[in-house]
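Report on one structure; see the data block that follows.
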Amino acid sequence: MPRYDARRIESKWQAFWDEHQTFRTEMDPARPKLYVLDMFPYPSGDGLHVGHPEGYTATDIVCRFSRMRGKNVLHPMGWDAFGLPAEEHAVKTGTHPAVTTKKNIGRFREQLKMLGFSYDWSREISTTDPEYYRWTQWIFLELFDTWYDPDFTWTGPDGKARTGKGRPISELPIPADVAEQGEVAVRRYQDRHRLAYQHEAPVNWCPKLGTVLANEEVIDGKSEVGGHPVERVPLRQWMLRITAYADRLGSELDDLAWPDSIKALQRNWIGRSEGAEVDFVVDGRWLKVDGQNKETSSSSAINPQPSTIDHSSTFDAFASHREANGFPLDPEPGVIRVYTTRPDTLFGVTYMVLSPEHALVDAITTPGQRAAVDIYRKQASLKSDLDRTDLAKEKTGVFTGGYAINPVNGDRIPVWIADYVLASYGTGAIMAVPAHDERDFEFAKTFGLPIKAVVHPTDDWLKQQSAKLVDWLGDVKHTVEAGAARVRGWIESLPVSPLLKQGMEFVEKATQQAKPSVDYLVGAVRQVYLDNAGQFATAFTELGTAINSGLYDGLTTLDFKAKITADLTKKGLGRKAVNYRLRDWLFSRQRYWGEPFPIWHELDSQGQPTGLLRTDSAADLPIILPEMEDFKPTGTPEPLLSKAPESWLYKTAADGTKLKRETNSMPQWAGSCWYYLRFCDPRNDQEFLSPAKANYWLPVDLYIGGAEHAVLHLLYARFWHKVLFDRGHVSVPEPFGRLVNQGMILGEMEFRAYQTTDESGGYVSLPDVKESGETTRDGRAVTAVKQTADQVEKRGDTWVLKDNPAIVVDARSFKMSKSRRNVVNPDDVVKDYGADALRIYEMFMGPLEASKPWSTTGVEGVYRFLGRAWRLFVDDKADDVALSSAVQDVPATEDQLRILHKTIKAVTEDIEKLSFNTAISRMMEFTNEFTSYDVRPKSALRDFVLLLSPFAPHLAEELWELLGHSRSLAYEPWPTYDPALLEESVLEIPVQVNGKVRGKIRVAKDATKETIITLGQEETNVASHLEGKTIVKTVYVPEKLLNFVVK
RNA sequence: GCCGAAGUGGCGGAAUGGCAGACGCACCGGAUUCAAAAUCCGGCGAGGUUCACCCCUCGUGUGGGUUCGAGUCCCACCUUCGGCACCA
């Protein structure tokens, strides 16, 4: 009984592919290449998840298809194997992370082979392999050896002209005053300019656990394990200067064949904004001595005497100095530099805010305010980023007592500190324009600061603000005849704000003169706005026309911005500036299981670091992780590697300098940033990648993976790639030409009814349950109880309990998770239905990019399809596996050829579009049709096997062998279709009357339009709809449709 | 709040502006079988009408619009999901 036996067939062909190295790939300049890549998996101890095979099957189909179309396909797989879980396992059990990792990789590899993916396994790599991380360290040295020259113009090997380039540190110009100070000063100067540099940055230190935590281990300010409080403590860190590349990372997205949504996500993350930097001199802090500016003495700063200082002369001195000397690279002491995207609102500045960490805070604070300022700064420093944003929406801040001078009009502006201004963005200081910025508006309202409108709002905005007035306009119109008194009474009856009241009074006046209209209302609201913009609920932050801005009045926002930026530049008081939301990349971790840095710290005679660095040479690489047995945290924020053996930690250089090794390790991103490069040349022990292979294989033509990597991994990899590009190691500017994000596979649909937890245990309808799902709207605790599909039914748009239709239940699919116990294990699916069924099911579920819920019965459906395909060839009632007698060497009939060629066309085009679900349904249709034939031409079935092979490769190879072939079909030419065979000799044309189908006619393919129209009119049902009407127009779409328009 | 994606039968989904619901699941009926499983054949949006075939009305989140014709294009809105969130 040779039923379709997936297990037998699949293990047979997996062994065959392994033995014959069917998918081994070599570079071949004579053939076109295709590089198809899956996102690098982390080999977790849980093994493969059903989400993995989704993207992997998609790429595998493309690869198998492309090989058959003559492409030289690179399709590799490897392991992103450094990372926390293996290390945590080591802390718990003492098992070395390398051991755990090796075991997990073994399991993953076995599972992937079980699914029949056509990887070139000879290229397998793991980031944890010293022969791999040797080159990760080498790339770090390249980053360390590079500085970014933003003004360098050049044309790359891609033929595109660029401004800005990563250049060798040896080419960094050293300013004369630095050079004068000697070699140490020069080295420190260079270190400040490298793409890899050191910086004090906060880490998540958890005193209770005695360890530093990664960001993903911190949830809501508490440790993920144990829920202990986490502190932010500053620690010396390695940073990568990704911000230098922010502009190119943004602009070079344009040419990539990536989903627009992912591009938008990256642009959003980079967050480029254009504006201006403007300098405000602090009142009383500018003294001109002998033509040179000099800060007033610190004593006068502490004891300023505003009464004796003529602040206009402060500003005059400052302004004339700037007029002569221009805008300096860094502001002078006593000058606050702000960044703004709205320089057109400079006339509306009513206060300024420094971030609590700003360097000028101390100097500017007056004695009277010092205590308050110090307390506030202390509080701000204890708050985590989270406290500063989510939890604390209320604006807080303290006045410093100091003032600065507005450069456009000489106004004296109070300077505050507040934590809504971030030290790490822009210049860490802002000019506040409460009338036209939402945050400033809230702050000003909280602290009673003036709000001065300098942009005339649009009518649309005024209308919106007066939405209630506009709504009532209709009533006003109707009541106007009744007289102003009645309007007045009506106004009095409303719960009005001062704004409304004033607006209404205006309306009332208007009604006495003419018919009221929206224009009157807008006029009223405008009047109120100009009178006091602070009365409104929100600030006007859109573009408008300048008011209260001196000579600039009447300019549009855009014109104003351009003009004032130019004017400020001329006076040396400001300049155009660009800022990014993107921050530099914190590149070090305090962990064991990561790549060691190839860096040494010089020590002085006391054994203390001098701050000077040395690197290992490329020849010293790899720097192997030290052997350690104890992976317990150090108990301090010190990295775990500081517990490494002395011999690993220390050495003495040839010149006698004592050196200590860097004890931070690299983050998991490091290895996954460049693995796609190594796959091109995985065993090269001379270079990270040979230029010939790079030129042949790069870029990756198709990259498929989950959207969770849409921002970080893809941005980091692009950044490294661009540095390697600038340094001449790769010749294409972008790593991934085409990117596709697979959607998430959710658990099976669940129905859940809510029940109260008290003894009554009554059901509660879904709308009565709070969004948290824990209590009802009136506060009773509830719990969700799973219902089976036959306990519920659909009523209208909602699902309800069959027994109690008043109770609406929750019907949805959830993300698969261990805690929810809805995880589907691919091993089980393969055991029950086979790898081919799993592959086809995952592709048949829906569009690749969409999220979709798992369905076990759906797997059974495609399994049945494979059984049908099998029985197309094999008589399952025979004793042996042999071709069915229905399969014969006869020519295919016209109908059969048409079906076959339609299928070839559809499947080919669908694979090209990555529309696998529709390709599969076309093959199902073919199978259904051919099942009904008692005689099945071998030639047609042969082509069908080839079409099926990318989707169900095991079954296809087996059938191919049954058809009498001795070689694998992996490199058989892909079937082609003959357009002439697609056409039917008789067409069926739907006939519409006024756009509604009223009948169908069958006509010969070559029938004339006239014949078709006549036949259409004669069709019985059509004729009945035409009766008594006049045809005013006849629309005929050739071979598609006929439509009569009648009256 | 901002940005992005998506709303089509009981379910997953299909449809270059041209017959809405291909294909699959579930369900129903029939054949085969001693019986069942498996398999094969057929039906399957809602309502009306009809012995039946037919035919009619409604129907792609809501409301408008463009068009001979809209799931598809335009405008406004609602809901769900994902991302960002004091970025000046």
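Throughout, protein chains are lettered first and strands after them, A, B, ... in sequence-line order, and every chain is numbered starting at 1.
- Salt bridge A:Asp254/A:Arg267: present, at least one basic N to carboxylate O contact under 4.0 Å.
- With both ends at atom C1', the span from B:U49 to B:C58 equals 15 Å, rounded to whole Å.
- In this structure, B:G18 and B:C68 make a Watson-Crick or G-U wobble pair, each of the two defining distances being under 3.5 angstrom.
- Taking atom C1' in both B:C84 and B:C74, the straight-line distance is 29 Å, to the nearest Å.
- If you take CD of A:Gln266 and C1' of B:G4, they are 14 Å apart, rounded to a whole angstrom.
- The nucleotide whose nearest atom lies closest to any side-chain atom of A:Val1037 is, among B:A88, B:G18, B:G10, B:G18.
- Separating the P atom of B:A26 from that of B:U33 is a span of 25 Å, rounded to the nearest Å.
- When distances are taken from the side chain of A:Ile430 to each of B:A38, B:C11, B:A88, the shortest belongs to B:A88.
- Between A:Ile336 atom CD1 and B:A88 atom C1' there is a gap of 15 Å when expressed in whole angstrom units.
- A:Lys794 comes within 4.0 angstrom of the backbone, heavy atoms only, and of no base.
- When both distances must be under 3.5 Å, the Watson-Crick or G-U wobble mate of B:C2 is B:G83.
- Using the Watson-Crick or G-U wobble rule with both distances under 3.5 Å, B:G9 pairs with nothing in any strand shown.
- In the set B:C19, B:G13, B:C11, the nucleotide with an atom closest to the side chain of A:Lys852 is B:G13.
- Using atom P as the reference point in both B:A70 and B:G83, the two lie 38 Å apart (nearest Å).
- Note on A:Glu984 versus A:Lys902: salt bridge recorded, some NZ/NE/NH1/NH2 to OD/OE distance being below 4.0 Å.
- Classified by interplanar angle (parallel below 30°, tilted 30° to 60°, perpendicular above 60°), the ring pair A:Trp854/A:Tyr841 is perpendicular.
- For B:U57 and B:G71, the P atoms lie 16 Å apart once the distance is rounded to whole Å.
- The 12-atom threshold is exceeded at NZ of A:Lys445, counting heavy atoms of other residues, nucleotides or ligands nearer than 6.0 Å.
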Would you list the protein and nucleotides 73-84 of chain B atom pairs, both N or O, that sit under 3.5 Å from each other?
{"unit_1": "B:C84", "atom_1": "O3'", "unit_2": "A:Arg581", "atom_2": "NH1", "d": "3.1"}

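- Map A:Thr931 and A:Asn579 each onto its nearest nucleotide of RNA chain B; the residue landing nearer the 5' end is A:Thr931.
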Using a 4.0 Å heavy-atom cut-off, write out nucleotides 22-33 of chain B from 5' to 3' as B (base contacted by protein), S (sugar-phosphate only) or - (no contact). BBSSS-------

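- For the residue pair A:Tyr863 / A:Asp836, no side-chain donor-acceptor distance below 3.5 Å is found, with atom types taken as modelled.
- Glycosidic conformation, B:G48: anti, with the torsion outside 90° of 0.
- What separates NZ of A:Lys905 from P of B:U16 is a distance of 12 Å, to the nearest Å.
- Using a 4.0 Å heavy-atom distance criterion, A:Pro259 is classed as making no nucleic acid contact.
- B:G12 atom P lies 12 Å from atom CD of A:Glu748, rounded to whole Å.
- In summary, the side chains of A:Thr243 and A:Arg583 do not present any donor paired with an acceptor at a separation below 3.5 Å, with no hydrogens or angles considered.
- Taking the C1' atoms as reference points, B:G17 lies 15 Å from B:G65, given to the whole Å.
- Contact annotation for A:Ser273: backbone-only contact, meaning every heavy-atom pair under 4.0 Å involves sugar-phosphate atoms and none involves a base.
- In this entry the distance linking CD of A:Glu750 with C1' of B:C11 reads 15 Å, nearest Å.
- One can place CG of A:Leu346 at 16 Å from P of B:A88, the figure rounded to the nearest angstrom.
- Rounded to the nearest Å, the gap between the P atom of B:G45 and that of B:G10 is 10 Å.
- By the 30° and 60° cut-offs, the orientation of the rings of A:Trp585 relative to A:Tyr716 is parallel.
- Rounded to whole Å, the separation between the P atoms of B:G9 and B:G59 comes to 14 Å.
- A:Thr918 and A:Ser915 share a donor-acceptor pair across their side chains, judged by distance under 3.5 Å alone.
- Aromatic ring pairs are classed by plane angle as parallel below 30°, tilted from 30° to 60° and perpendicular above 60°; the pair A:Phe873 and A:Phe944 is parallel.
- Counting only N and O atoms by type, the side chains of A:Tyr580 and A:Ser273 include no donor and acceptor under 3.5 Å apart.
- Between A:Phe443 and A:Phe447, the ring planes lie tilted relative to each other; the angle falls in the 30° to 60° range.
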In B/S/- notation (B base, S sugar-phosphate only, - none; protein heavy atoms under 4.0 Å), nucleotides 42-70 of chain B written 5' to 3' is -------------SSSS---------B--

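- Taking a 6.0 Å sphere around NZ of A:Lys263, one finds it holds more than 12 heavy atoms contributed by other residues, nucleotides or ligands.
- Residue A:Trp854 is out of contact with every strand shown, counting any heavy-atom pair closer than 4.0 Å.
- Contact of the A:Asn268 side chain with the A:Leu265 side chain is not registered, since no non-hydrogen atoms from C-beta on lie closer than 4.5 Å.
- Atom CZ of A:Arg337 and atom P of B:A88 are 18 Å apart (whole Å).
- For B:A76, the paired base is B:U62 (Watson-Crick or G-U wobble, both distances below 3.5 Å).
- Pairing partner, B:C27: B:G43, with both Watson-Crick or wobble hydrogen-bond distances short of 3.5 Å.
- Counted by atom type alone, A:Glu438 and A:Thr541 present zero donor-acceptor pairs between their side chains at under 3.5 Å.
- The distance from atom OH of A:Tyr339 to atom P of B:C86 is 17 Å, rounded to the nearest whole Å.
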